[in-house]
Structure formats: C-alpha cells, structure tokens
Q: 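The structure is given below, and queries will be raised subsequently.
This structure is a prediction, so every number in the text was calculated from the model and none was measured. Note on naming: letters A, B, ... go to the chains in the order of the sequence lines (proteins, then strands), and numbering restarts at 1 for each one. No hydrogens, no waters, no symmetry mates; every other heavy atom, side chains included, goes into these values.
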Number of protein chains: 2
Amino acid sequence: MDGLVDKIRQGDRRSLARAMSLVAERGDTAEALKDRLRRNTGQVPWWGFTGPPGVGKSTLIDGLLGLLREQGRRVGVVAVDPTSPVSDGALLGDRIRMMRHAVDPDVFIRSLATHHREGGLSDATLHCARLLELARFDPVLIETVGVGQNEADIASVADFCLVMLGPGYGDEIQLIKAGLLQIADIVVVNKCDLPEAQRLLKDVREELGESATMVGDASRKDDAPRVEIVGLAAKSGAGVEHLLGKLLSLDQAARGAERCVHHRHRRLLGEIRRGALSTYERALEHALASAVAQDLIRGLESGELSLEEAIARLEDAARH
Amino acid sequence: MDGLVDKIRQGDRRSLARAMSLVAERGDTAEALKDRLRRNTGQVPWWGFTGPPGVGKSTLIDGLLGLLREQGRRVGVVAVDPTSPVSDGALLGDRIRMMRHAVDPDVFIRSLATHHREGGLSDATLHCARLLELARFDPVLIETVGVGQNEADIASVADFCLVMLGPGYGDEIQLIKAGLLQIADIVVVNKCDLPEAQRLLKDVREELGESATMVGDASRKDDAPRVEIVGLAAKSGAGVEHLLGKLLSLDQAARGAERCVHHRHRRLLGEIRRGALSTYERALEHALASAVAQDLIRGLESGELSLEEAIARLEDAARH
C-alpha cells in the first residue's frame, strides 16, 4: 500500500491506473487506500463541467487542456458517463477529441461509467479525483452530463461549476436552464458564432438577471459569489482563452484555506451520507424480496393498510 | 371527498385539476384521496415516452394525440419536467405544440415540475396518472426527459416504454443509448428524413442486435418481449401511424389481467419503498445538521474513524 501510494506520488501512471481500478472495489485494501486518500488530499480545486449531452463539453475541455498545458499545468480529468442505473455497461463514451492529450504524460484522463446506484457516480468521482490530486495533477477537471440528478451530484463534488449550454434544444432548454443555472458559477453558451446562440445568450442573461456579471465587466471585486456568463465557440476556440482567465480566478479563490476546508468537509459528509443511505437501500431491497412485500400489497389493496402503515411495516422489516 | 371523486368520474375537468393539486400536498384529505386512487385504478395501461432533451418527444405525442382522437380515444398526458433537485421551480416546460389539444375536452395534459427529492417525480407521476385513469382517460401517456435517473423512474411507473433518439447528439449518443435502450419496449429514431438519422437507425439496430424486431417484421407473435425499432419523422408525421399500431398492440398486451396486476403491484411497492427511503433521508439530514457532523469529520480527518465507523455512527444518530 505504501509502495503504491509512493509510486503514484512520483507520477507513475500505471500505479495510478491500477489504484483507480482498486478504489472501485470493496475489501480491506481498497478501503485502506480510500481512507488514505481522504486524509491526504483536498488542497487542489476541482473544476466541474456540466451541460446537456452533445453541447460541446469535451471540445471545450480539450481546448482548455491545450491552454493549461502551455502554462505548464499538469491536468487530471474525470469524465463521468451517467449510464443508466439499470446498466452495468462498460466504458462507452469515447471522447475522441480529448484523446490527443491522453498520450501527454502531464495529462491523465479517466472515464467513469459507473452506474448510479449506491451513490456510485459521486463516490467513484471522489476517489478518482483524489487519486489525481495525489499524483500531483492540478487542477482536476470533472465532466458530467447534466440533466436530472447528475448536476446536483457534480455540484456536491466540485469546488466550482461551469454549466455549458448551446442552441438547438427546443422547448426543453427552459427546464435545463432552470436546473443547471442554480449550480453554476460560470455559464458558458457555446456556438456563439451562430445567431441562435446569441439569442440563447440573451435569454440566459435575462434569466440570471441581476445576479450575473457580463463578460468584460471588471466589477467582480466584491465577495458576493455571482454567476458569470461567457459566450464562446468551442470548436474554433474563440473565447476559450477568455474563459480560462475566469476559471483561473475561481481556482485562485478556491485555494483560500477556508473555502478549501469547506469543500473537503462537504465531500466527506456526502460520502458518509451516501454510505448510510446505500446500507439502508440494501436493507429495503432485502425486505421487499421477502414475503413482506405480498403482505403489504394485500394490505394496501384491501384498504387494511394506509400507505403510512405499509411504510412503517417495511421500515420494521428492514431493521431486522 | 366522495363528491370530488364522483365529479372526477363524471368528467368534470375543474375537479380533476383541483385533485391534481391536492395530491401534491400532505395532510389527511390528500392521503385519503391517494389511498382511494391506489385501490380504484390500475386497469388502464400507461405508455411511457422518454429520450434526450429536444429530440422531439412532444411533437411525436402531439401527432399520436391527433390519431388517438380520430379513433375516439380520450387521452390523458402527464409531462414530467425534471427540474433540478435544488430547484423549487414552477412550471417551465411550455409544450406549445401539444397545447392545441389542451382545449379538447377529451384530452387532459398535466405538466409536472416537481423536484427530484423524496421520490417526488415518481410519486407525483403516479398520483396524476391514477387521477387521469379515474377520470376515464385511456390510455395515459407519460413523457419525461431521459438521462441519468429519470429513465429508470419512468420504467418503474409506465407499463411499457418508448425511447426516442435522434441524430446530432455527438459522442454521447453512445451512453444515452446504453442507458435508454435497456428500458425500451420500442425505440424510435426521429428525423428519419435526414441521412444522419438513417446512420443512427443502423447503429441502434446493431446495438440491439438479435433482440430487436425490425419494422415490417410481422413475426412478433411469441411471448418473449422484444424491442421494436421504428424510424419516423415526427414533424411531418411520416411513420407515426405505423408507430401507433405498434403501441396499440403493446397496449392490448398490457391489458391482460396478469400483466396489469404485475404493474399495479410494482407501482405500489415502489411507493412504499420511496416512502421508507425518504423518511430515512430526512433522519439523515437531521443528524447531519447536528453536532454529530463535526465529530464525524474530525474522526475521519484524524484517522480515528474509518468510513465504515463514521457511517455506523451516522446510522445510530439517525435512529434516535
């Protein structure tokens, strides 16, 4: 174990890759490594990237990787593929564009295709991001598709969040915005070389109203956290360098001891909470697989049991 | 209560709308109504529709509504907007196209923008779909955006599921497919007037391989449930009538007493399970808001507590 940790610290990629597989397992070695990671990380800011499928997150991250490498930064990326909870699917999201960086020894990209049960995505993301920190990658970027639950997950893990939007999502852009904008520190509108994107940019500005600072507005000096809005074109690279400036200033702010401790603690509490919840979920599944389930259904259908009574009986059964 | 139920049965739309607001509340009246619904519904098949944002689900449902109305069917629709769990947002998804049917007395469209905590989406969907059944709408259509958790939710509620895909979602189509295809009874590829959609249709066929039956294949006679693949163009309406034929045969199959009971029981167990889980989640939040949280963090950071021990302590705290 000590040997593995040392090798990761020294930048050995094979040890890092091996540790990333190890933390996905249960068992004493895996748990000991995870304990070690919990105690020896939490100094490097984690940048969250989310947005609807196909909006251009990978292209943007590819561009940012190039610029960060020019600055001599070693960058780790965790790309979270939210496959269905019914899926035990292997790695599917091939992020071809980013892959040109995958051969760079100062870039490490890990794609996670964990299913969403038992706090799977969030915990796996935590472990991998911590491993990247241990291997002295800085910053650590986390990418996930944001619809439904995922964006809350990334908000609970990352130190700050970039939410990417693009034109062409029809009516439903409204609801995507509603959810995503609430976790955003920066909102990026992609494809700003197209007129539809300019309209979307305008909508986002109106939606965020007073709380947002526009690009080029240098007044962001006070402590109140405000959402910034950036328009760019990820494919051509226009506006990406400007965005990086914004991200680096969020990165600087997240390095302050207080913010850093705050995020580290939040992540620890999240882990404990998800652990307790998944223990309970297993107990519920177990109880529901027993004869109790038929009794509950009979009781509900005959009117003998109210839903609350049925729930109380299930809780009892799960406790024993 | 009896008066309200009678009026809903007689087709009074205002009573139905009032009951839909009522079931979103807690309290004795709401619970009594929900109990009543649980015992008096479960005969009408619920058709699930899911797929990525903007793929054309509303346009397709609009087309199906037109055709079902020509056949004299009274159709209820629950459109689920998965706003973020951090959102308490009001109704946002304006489904303009479907709205031409909203003035039809034999169509009822309910848009739900519940947040995703405490089994919110699934329970609210259940209650509204049951109310539509009580008001003698048949079939009941349920639409939701499918990424991450949502598609599992709709699979747990609907009697069968249509998954809609379309071209233009980049690399991530792979992972969307992986998750969504597993819950699909029918996979629809939209925009089949475009060559990209034809390529996607080919991909889906390969992905589903042996388990799928192609359009025009009349051999779907055996009992083994197989996924059907349908290409269409929702906007022009091409292929929608053909799809409706497929849906109506799934609808017929779902009316058989056995399947119907199976789905009803699965929904009841889901409700009980979500109820027990949300009680426990509240207990966890409560415990984490206390001084216990700081103790756990200190213990983890100093190495005095392993994660398992921290989880066990949280479980204890949540129990008292």
Q: Any idea which of A:Arg36, A:His265, A:Glu315 has the most non-hydrogen atom pairs under 4.5 angstrom with chain B?
A: A:His265
Q: Below 4.0 angstrom, N of the basic side chain to O of the carboxylate: do B:Arg313 and B:Asp316 qualify?
A: no
Q: Nearest heavy-atom pair of B:Glu301 and A:Arg264: which atoms, and what distance?
A: OE2-NE, 2.9 Å
Q: Is it the side chain or the backbone of A:Leu307 that comes within 4.5 Å of chain B heavy atoms, both, or neither?
A: both
Q: Which atoms of B:Leu284 come close to chain A, meaning under 4.5 Å heavy atom to heavy atom: side chain ones, backbone ones, both, or neither?
A: side chain
Q: With a 6.0 Å cut-off (strictly less than), is the heavy-atom count around CD of B:Glu258, excluding the residue itself, greater than 12?
A: no
Q: Have B:Glu308 and B:Ser306 got a donor and an acceptor in their side chains that come within less than 3.5 Å?
A: no
Q: Heavy atoms only, distances under 4.5 angstrom: which of A:Glu285, A:Arg319, A:Glu271 has the most pairs with chain B? Name it, please.
A: A:Glu285
Q: Could you tell me which portion of A:Leu277 (side chain, backbone, both or neither) has an atom closer than 4.5 angstrom to a non-hydrogen atom of chain B?
A: both
Q: Which atoms of B:Leu300 are under 4.5 Å from chain A, going by heavy atoms: the side chain, the backbone, both sets, or neither?
A: both
Q: Quick check on B:Arg273 against chain A: is it the side chain, the backbone, both or neither that has a heavy atom closer than 4.5 Å?
A: both
Q: Check whether B:Asn190 reaches the backbone of B:Ala234 with its side chain - one donor and one acceptor, N or O, closer than 3.5 Å.
A: yes
